[in-house]
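What follows is a short report on a single structure.
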Amino acid sequence: MTYASRTLSALALGAIAATALSGCVAKQSTDPAASFTVSSTDSACDVSTGTATSGTLTFEVTNAGDEVTEFYLLAEDGLRIVGEVENIAPAASRTLTVVAQPGDYYTVCKPGMIGDGVGKAAFTVTGDKVAVDGPDAEQKQRAVDLYAAFVKDQVGALVSDVAELVSAYTAGEDERARELFPLARASYERIEPVAEALGDLDPRIDYREVDAVAEGLEWTGFHRIEKDLWQPASDALNSDGETPAWQDWAPSTPDERGEYGDLLIADVQELFDYVHSEEFTTVLADQGIAGISNGAVALLDEVATGKITGEEDWWSHTDLYDFAANVEGSKMAFSLVQELAASKGADGQALVDEIATGYADLESALAQHGSLQDGFVPFTDLTDGDRRELIDLINALAEPLSQLTATTLS
């Protein structure tokens with residue numbers, strides 16, 4: 001499938017969603033007892049209580065530490081992410097809203113946004129399974145079904161794109177592989193929160209070298225291939241600005257290229273198998289509409305924490321391709337819930353209008369530097385003013401987008 005057909009597929013799903021989600025939506029009551037406070041410090045993650053009743057849960061997370069932090073609600077296995085909020089600056093607060101089914105969970109904070117995190121604690125949800133019901137049940141389920149179709153479409157494209165990239169990489173056709181690298185990543189970047197929710201799959205596919213080393217993991221995936229294709233100068237530093245690029249690293253031999261290529265293909269196939277499984281269907285159903293709107297927020301966080309800094313594609317400087325794909329995926333998720341949010345009265349409509357304007361402004365600014373179809377300029381070509389403009393637009397969009405989940409569940 002070509003890039004153009006994948007984009008048309010995404011737009012078609014968005015158009016269907018706008019029709020499917022239109023109509024009157026009933027208000028739902030919010031239980032004040034389902035609101036929790038979280039204090040994240042450099043060494044602790046204190047949640048106001050470790051028990052809840054199934055339904056809509058809201059975590060107000062305050063960063064009382066010295067580093068940017070994240071907060072996670074993890075499934076019983078301690079790996080799958082049920083909900084997350086990232087990029088919380090010191091002294092700042094962010095809100096996570098999720099639909100939690102009965103079961104055993106864990107809460108954890110991750111100061112510095114690397115490593116295993118701190119303060120991991122059990123969190124128990126009791127009560128009855130939350131079902132999608134009421135006058136808007138059909139519209140909500142339609143949104144979930146459309147998002148599942150979008151994810152499957154993107155992962156299907158990813159399988160073929162990665163196979164083409166690996167073929168060029170293992171054959172030593174580096175010029176061709178460099179052309180394919182940013183395009184092969186686009187489908188992944190549009191649905192990245194799905195892979196991130198699976199624990200160790202995203203690290204295997206998409207970790208930077210500094211992240212893998214910090215967590216004691218074998219470094220594989222896209223960025224291992226990237227460094228082979230754009231080999232650093234002898235005096236270059238890694239993306240942490242401290243570690244010499246050649247420390248504990250050497251260009252892969254042909255045999256090693258074959259091994260890394262095979263691993264990436266296998267990991268992408270694992271993602272493909274997952275999104276076509278009953279488990280994926282169940283997870284989406286359990287998270288409901290909140291899972292989609294939280295996905296829109298998570299993808300914008302991906303832009304803010306990696307792409308706009310130039311740290312993601314450190315050797316190739318193809319970060320703007322990832323940036324654009326993250327924004328496309330975020331906007332797609334938003335499109336599936338925007339009619340539902342707009343139906344929540346004047347405030348809901350105003351929020352939707354503000355978010356839509358934010359996407360349009362961000363896309364317009366990004367278009368000044370290229371496109372996925374025609375290519376982007378290297379990230380290093382951006383001026384300080386260019387980066388400042390993009391950062392300001394991301395922040396302007398992130399604030400109203402962070403309110404989307406709570407609005408759709410109100």
Side-chain angles (χ1 to χ4, degrees), residues 10 13-31 34-35 52-59 73 75 80-85 95-103 125 127-152 190-191 193-194 196-197 275 280-301 329-345 347-349 351-352 354-356 359 400-410:
L13 283 170
I16 295 170
T19 302
L21 292 175
S22 61
C24 181
V25 179
K27 292 283 186 182
Q28 296 178 2
S29 61
T30 300
D31 182 2
S35 298
T53 302
S54 57
T56 302
L57 309 184
T58 300
F59 297 87
L73 180 66
R80 184 172 62 81
I81 299 171
V82 177
E84 65 176 319
V85 59
T95 300
L96 171 65
T97 302
V98 298
V99 173
Q101 302 290 348
V125 177
D128 299 324
K129 185 176 178 64
V130 180
V132 178
D133 54 19
D136 59 338
E138 184 176 346
Q139 291 91 340
K140 288 182 177 180
Q141 186 59 52
R142 180 64 171 160
V144 172
D145 292 343
L146 285 168
Y147 187 67
F150 172 68
V151 169
K152 291 174 184 177
R190 293 188 189 100
I191 53 89
V194 174
E196 287 182 331
V275 302
F280 178 62
T281 301
T282 299
V283 167
L284 283 187
D286 285 349
Q287 293 180 346
I289 205 83
I292 301 173
S293 56
N294 283 337
V297 176
L299 281 165
L300 201 66
D301 279 336
S330 179
K331 185 179 179 182
M332 177 62 195
F334 164 67
S335 75
L336 295 176
V337 300
Q338 70 179 69
E339 291 293 337
L340 183 59
S343 70
K344 303 295 184 175
D347 288 345
Q349 183 63 61
L351 179 66
V352 165
E354 186 177 3
I355 292 172
Y359 278 118
L401 193 61
S402 68
Q403 304 172 38
L404 184 61
T405 302
T407 299
T408 59
L409 294 174
S410 64

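All values derive from a computational prediction rather than experimental measurement. Side-chain atoms are counted along with the backbone in the values below, which use heavy atoms only and exclude waters and symmetry mates.
- Between Leu73 and Val98 there is a side-chain heavy-atom pair separated by less than 4.5 Å.
- Remark: Glu354 engages no residue in a side-chain hydrogen bond (donor to acceptor under 3.5 Å, both in side chains) (not counting sequence neighbours).
- Every side chain to side chain contact (heavy atoms under 4.5 Å, CB included) that Thr95 has, sequence neighbours left out, goes to Thr58, Glu60, Thr97.
- Within the 4.5 Å cutoff, the side chain of Leu340 has heavy atoms near those of the Lys140 side chain.
- Within the model, atoms CD1 of Ile289 and CG of Leu409 stand 8.0 Å from one another, a figure rounded to the nearest 0.5 Å.
- The nearest pair of heavy atoms linking Pro193 to Leu299 is CD-CD2, 3.5 Å.
- Pairing each heavy atom of Ala342 with each of Val352, the nearest pair is N-CG2, 3.6 Å.
- Among all heavy-atom pairs drawn from Leu284 and Ala148, the shortest one is CD1-CB, 3.5 Å.
- With rounding to the nearest 0.5 angstrom, the OG1 atom of Thr408 is 13.5 Å from the CD atom of Glu339.
- A donor-acceptor pair under 3.5 Å is absent between the side-chain atoms of Tyr147 and the main chain of Arg142, judged by distance alone.
- Between the side chain of Ser54 and the backbone N or O of Pro102, no donor-acceptor pair lies under 3.5 Å.
- Atoms CD and OG, on Gln287 and Ser293 in that order, are 10.0 Å from each other to the nearest 0.5 Å.
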